[in-house]
Amino acid sequence: MGRESGIQRTMGLAAATGVGVGAIVGGGILALAGAAFAATGPSAILAFALNGIIALLTALSFAEMAAAFPESGGTYTFAKKVLNVRIAFAVGWVVWFASLVAAVLYALGLASFLLMPLKEIWPRVFGGDTGFLSSRWGLTLLAVLATLCFSGILLRKAGGGGQWINLTKTAVFALVIAAGLWGLTRSSGSEIKTHLLPFFPGGAAGLFQAMGFTFIALQGFDLIAAVGGEIRDPGRTIPKAMIGSLLIALILYLPLLFVIAALGVGPGETIAGLAREHSEGIIAIAARRFLGGSGYWLVIAAGILSMLSALQVNLFAASRVAFAMARDRTLSPRLGRLDPRRRLPRAAVLAVAAIVILILLLVPDVATAGAASSLIFLITFSFAHYINIVLRRRMDPAHMPFRVGLFPLVPVVGGASCLSLAFFQGVSVPAAGVITIIWLSLGAGLYAFRFAGRAQIFDASAEGIDPLLIKYRGRNPLILLPVDDAENVGSIVAVANAVSPPNVGRVLLLSVVKPPETWVENEAPLSLSQMEVIQREALTASFSSGLAPEALLTVAPNHWAEILRVARLHRCEAILLGLRSISEQAAAPGFNELLSNAPCDTILLRSTKTWRFNNTRRILIPVGGRGGHSPLRARVLGSLRRETDLEVHYACFLPHSVSDEELRRAQRSAERRAGDEVGRGAGMTVERCHDPAAEIIRHAADHDLLILGLQQLQGRRRAISDFVLRIAEETTGALLILGYKRE
């Protein structure tokens with residue numbers, strides 16, 4: 001989110017299409033065609049065709065968003081850009097799990113296809129029976145070994161399923177289809193009709209069940225979006241690769257299913273009955289019926305190649321989703337590190353391999369894995385359609401390289417279809433629903449107690465760096481700017497520009513005039529003419545900064561109470577107060593009440609006549625507390641970084657009584673905070689001293705701006721602490737005091 005991933009764009013159209021073809025073609029249909037034929041008989045052909053329509057609609061929405069946001073992460077990235085970080089985590093968590101479960105499915109499918117030749121070769125070479133190979137643990141062992149093998153490959157180079165694998169398996173499928181079509185010309189129409197009837201033995205329920213089981217067989221185009229950060233010329237390449245890979249799959253799948261249903265059964269048999277007996281090898285068994293032994297071994301070879309490529313692509317995509325989430329702090333940042341030599345996310349690949357192996361040990365069942373994966377993908381695809389609708393309404397068409405016609409019909413129909421199929425799948429296969437609920441519950445707990453704080457800080461920094469994020473998320477923040485001093489209007493508006501980015505946020509300029517009956521002797525309240533001058537200065541400065549200012553003049557006896565009332569009434573996102581003397585204002589009646597009860601972020605600014613916010617280069621940030629104001633500070637720093645290169649220095653001064661371990665812990669905490677707020681390159685001072693306040697005052701003299709935080713009290717109340725007051729009194733430079741309102 002505004003920060004480079006460090007991974008280079010090396011994939012062209014062929015490689016990007018290969019990711020989709022590697023994930024879609026072969027693996028899903030070979031693993032799940034048996035389940036489809038068993039549920040609905042010959043109408044499995046129709047089930048795949050209907051799934052193809054839903055998948056094409058979904059691919060169009062994905063292509064539109066992936067071209068607009070060509071970054072790795074897929075649906076997670078789309079949700080992060082258009083919604084908010086909490087929803088993005090939920091979506092990313094589900095998308096990640098979907099790829100993990102898909103990898104489990106294809107690892108088990110690969111093991112099943114490897115067992116077929118092993119059962120015939122093993123007795124001849126080693127003697128004895130093959131009981132262990134056919135057992136649960138034999139199947140699991142083969143799946144684990146395959147996972148480890150391909151994870152090792154991904155640790156050495158990036159890539160999808162391998163172009164030679166894609167070409168070979170596609171050629172094998174084309175050969176089987178051609179032989180089947182030749183066989184159809186030699187069969188009578190009545191014989192073919194007999195094999196295809198009854199067409200709907202399971203009725204509508206069987207058809208929908210088959211669609212739910214097999215939707216994952218057409219999943220894979222979305223993985224191109226998941227690796228979008230590595231694709232060259234993404235605006236053109238991603239849509240072509242997505243649609244192309246899906247069309248290739250459908251061109252192969254539908255004729256193959258028709259040939260299998262029409263020629264793959266013998267006299268007195270039905271395809272549904274044969275599929276119940278040989279669920280995982282139905283296509284190989286059927287191919288042997290009309291191609292003999294050569295057909296059987298061709299399908300076995302195609303199955304092994306298909307499962308290999310699908311497994312590798314899903315491991316590849318899952319590692320990139322984890323990498324993207326870790327870079328945004330919605331997963332452990334360790335998963336976002338790159339191998340310095342190969343520039344690959346080594347930690348993410350290892351984590352994905354470990355989780356896939358764990359799931360293999362717990363759920364070694366192809367049908368359950370396929371049902372759960374289909375359900376999860378359907379949920380994420382329905383989310384993607386919704387996000388696309390929202391994005392279309394918020395994003396400038398000029399920033400969208402690829403746009404789909406018939407809007408909003410395409411995402412509405414596609415989203416409703418995915419959601420309906422997901423609901424039916426959850427009801428008809430309760431185990432899939434249970435697995436999904438468990439994973440979502442685990443993710444909610446991890447986010448709330450482990451990732452939420454750092455993710456929110458990093459997200460705030462991203463909004464500061466890239467104001468379009470605020471626009472895409474549908475926010476139009478209003479900053480309340482009380483003005484009563486013409487001298488510091490320019491500085492205050494410049495800070496407002498940081499908190500409420502130009503062309504996105506709004507500023508409400510508030511002038512409060514006391515009613516005449518409250519005037520006292522020797523008091524010189526601002527006249528209306530003076531207030532008009534100040535308002536004009538503030539409006540001019542706001543317009544020149546690209547803000548959309550609004551002006552409000554009110555009459556009220558209590559200046560601070562009126563600010564609080566207006567902030568509540570207009571639901572402001574922040575209050576920005578320009579103060580000449582913070583210590584004097586802290587003693588003013590009503591000021592502390594405003595700080596304590598403000599319903600939004602609060603920013604206090606003390607500037608000098610020569611200080612200019614846009615010319616700020618060196619910033620000092622003392623840290624040491626809980627970091628309760630970090631999100632607001634990250635947003636302000638992000639806005640400054642958008643305009644200029646900053647030299648940010650974090651300082652943590654501890655009493656001499658702290659132990660070495662406490663000092664190291666403070667060092668790690670300060671480094672994490674600096675990394676979340678400004679990324680790499682921040683200066684760092686963590687040391688013992690007699691007087692922390694005095695050290696901060698001494699260091700502040702060498703910086704353009706000092707940033708402090710309000711004290712957090714019970715009940716989410718805030719106040720200026722004595723520590724901050726002392727620093728404010730003994731420094732003369734520009735000072736920002738931030739008060740973040742927790743959600």
Original post:
Is the shortest heavy-atom distance from the side chain of Val19 to the side chain of Met11 under 4.5 Å?
Top reply: yes
Original post:
Side chains of Leu83 and Ile387: does their closest heavy-atom pair fall under 4.5 Å?
Top reply: yes
Original post:
Between atom CZ of Phe173 and atom CD1 of Ile251, what is the distance when rounded to the nearest 0.5 Å?
Top reply: 14.5 Å
Subject >> Heavy-atom pair of closest approach, residues Ala55 and Phe221 >> reply: O-CZ, 3.8 Å
Subject >> Within 6.0 angstrom of Phe423 CZ, more than 12 heavy atoms from elsewhere >> reply: no
Original post:
Are any non-hydrogen side-chain atoms of Leu196 and Phe258 less than 4.5 angstrom apart?
Top reply: yes
Original post:
Which atom names give the shortest non-hydrogen contact between Ala353 and Thr147, and what distance separates them?
Top reply: O-CG2, 4.2 Å
Original post:
Quick one: does Thr270's side chain get under 4.5 Å of Val265's, heavy atoms only?
Top reply: no
**OP:** Kindly check if the number of other-residue, nucleotide or ligand heavy atoms within 6.0 Å of CZ (Phe290) is above 12?
**Re:** yes
Original post:
If every non-hydrogen atom of Val313 is compared with every non-hydrogen atom of Ala23, which pair is closest and at what distance?
Top reply: CG1-CB, 3.6 Å
Original post:
Is Ser245 reaching over with its side chain to a backbone N or O of Ala241, donor-acceptor style, under 3.5 angstrom?
Top reply: yes
**OP:** With sequence neighbours left out, write down each residue that passes ring pair (Phe, Tyr, Trp, His ring centres under 6.0 Å) with Tyr253, or none if nothing qualifies.
**Re:** Phe48
Original post:
Taking the inter-plane angle between the rings of Phe62 and Phe78 on a 0 to 90° scale, is it parallel (under 30°), tilted (30 to 60°) or perpendicular (over 60°)?
Top reply: perpendicular
Original post:
Backbone N or O of Val404 within a donor-acceptor pair of the Glu64 side chain at under 3.5 Å?
Top reply: yes
Original post:
Between the side chain of Ser309 and the main-chain N/O of Gly22, is any donor-acceptor distance below 3.5 Å?
Top reply: yes
Original post:
Can you list every salt bridge (charged side-chain N to carboxylate O under 4.0 Å, His left out) pair that touches residues 246-273, not counting sequence neighbours?
Top reply: Glu269-Arg289
**OP:** Would you mind reporting whether Leu291 and Tyr296 have side-chain heavy atoms less than 4.5 Å apart?
**Re:** no
Original post:
Within the side chain of Ser61, is there an N or O that forms a donor-acceptor pair under 3.5 Å with the backbone of Thr58?
Top reply: no
Original post:
Backbone N or O of Ala14 within a donor-acceptor pair of the Thr17 side chain at under 3.5 Å?
Top reply: no
**OP:** For the residue pair Leu148 and Ile357, establish whether any side-chain heavy-atom pair is separated by less than 4.5 Å.
**Re:** yes
Original post:
Nearest heavy-atom pair of Phe89 and Leu331: which atoms, and what distance?
Top reply: CE1-CD2, 4.5 Å
**OP:** Rounded to the nearest 0.5 Å, what's the gap from CD1 on Ile238 to CZ on Arg236? Could you check?
**Re:** 13.5 Å
**OP:** Quick one: do Leu139 and Ser112 satisfy side chain to side chain contact (heavy atoms under 4.5 Å, CB included)? Show the steps, please.
**Re:** CA-CA 7 Å; Leu139 186 74; Ser112 298; 3.6 Å; yes
**OP:** Determine yes or no for a side-chain-to-main-chain donor-acceptor pair under 3.5 angstrom, with Ser99 supplying the side chain and Trp96 the backbone.
**Re:** no
**OP:** Search all heavy atoms of Tyr76 against all heavy atoms of Ala88 and return the closest pair with its distance.
**Re:** CD1-O, 3.0 Å
Subject >> Pairing residues for Phe424 by the ring pair (Phe, Tyr, Trp, His ring centres under 6.0 Å) criterion, not counting sequence neighbours >> reply: Phe208
Original post:
Given side chains that start at C-beta, do those of Ile271 and Ile282 come closer than 4.5 Å, heavy atoms only?
Top reply: yes
Original post:
Hey, what do you get for CG (Leu207) to OG1 (Thr40), rounding to the nearest 0.5 Å?
Top reply: 5.0 Å
Subject >> Inter-residue atom distance Ile29.CD1 - Ile283.CD1, 0.5 Å rounding >> reply: 4.5 Å
Original post:
Can you check side chain to side chain contact (heavy atoms under 4.5 Å, CB included) on Phe402 and Met242, steps first, answer last?
Top reply: CA-CA 12 Å; Phe402 177 75; Met242 284 187 174; over 6 Å; no
Original post:
Taking Asn51 for the side chain and Ala49 for the main chain, is one N or O donor matched with an acceptor at less than 3.5 Å?
Top reply: no
**OP:** For side chain to side chain contact (heavy atoms under 4.5 Å, CB included), just list the numbers for Leu223 and Asn314, CA-CA rounded to whole Å, side-chain angles, deciding distance to a tenth of an Å, and then say yes or no.
**Re:** CA-CA 8 Å; Leu223 301 187; Asn314 278 279; 3.7 Å; yes
**OP:** Without swapping roles, check the side chain of Ser188 against the backbone of Glu191 for a donor-acceptor pair under 3.5 Å.
**Re:** yes
**OP:** Please test Ile285 against Glu277 for side chain to side chain contact (heavy atoms under 4.5 Å, CB included), starting from the C-alpha separation and ending with a verdict.
**Re:** CA-CA 10 Å; Ile285 299 298; Glu277 294 179 15; over 6 Å; no
Original post:
Is there a donor-acceptor pair closer than 3.5 Å between any side-chain N or O of Trp93 and the backbone N or O of Trp439?
Top reply: yes
Original post:
Could you give the distance from CG (Leu105) to CD1 (Ile359), rounded to the nearest 0.5 Å?
Top reply: 11.5 Å
Original post:
Which pair of non-hydrogen atoms, one from Gln219 and one from Ile24, has the smallest distance, and what is that distance?
Top reply: O-CG1, 3.4 Å
Subject >> Spacing of OG belonging to Ser306 relative to CG belonging to Asn166, to within rounding of 0.5 Å >> reply: 9.0 Å
Original post:
Do Ile389 and His385 come close enough that some side-chain heavy atom pair is under 4.5 Å?
Top reply: no
Subject >> Test item: Ser382 side-chain N/O and Ile379 main-chain N/O as donor-acceptor pair under 3.5 Å >> reply: yes
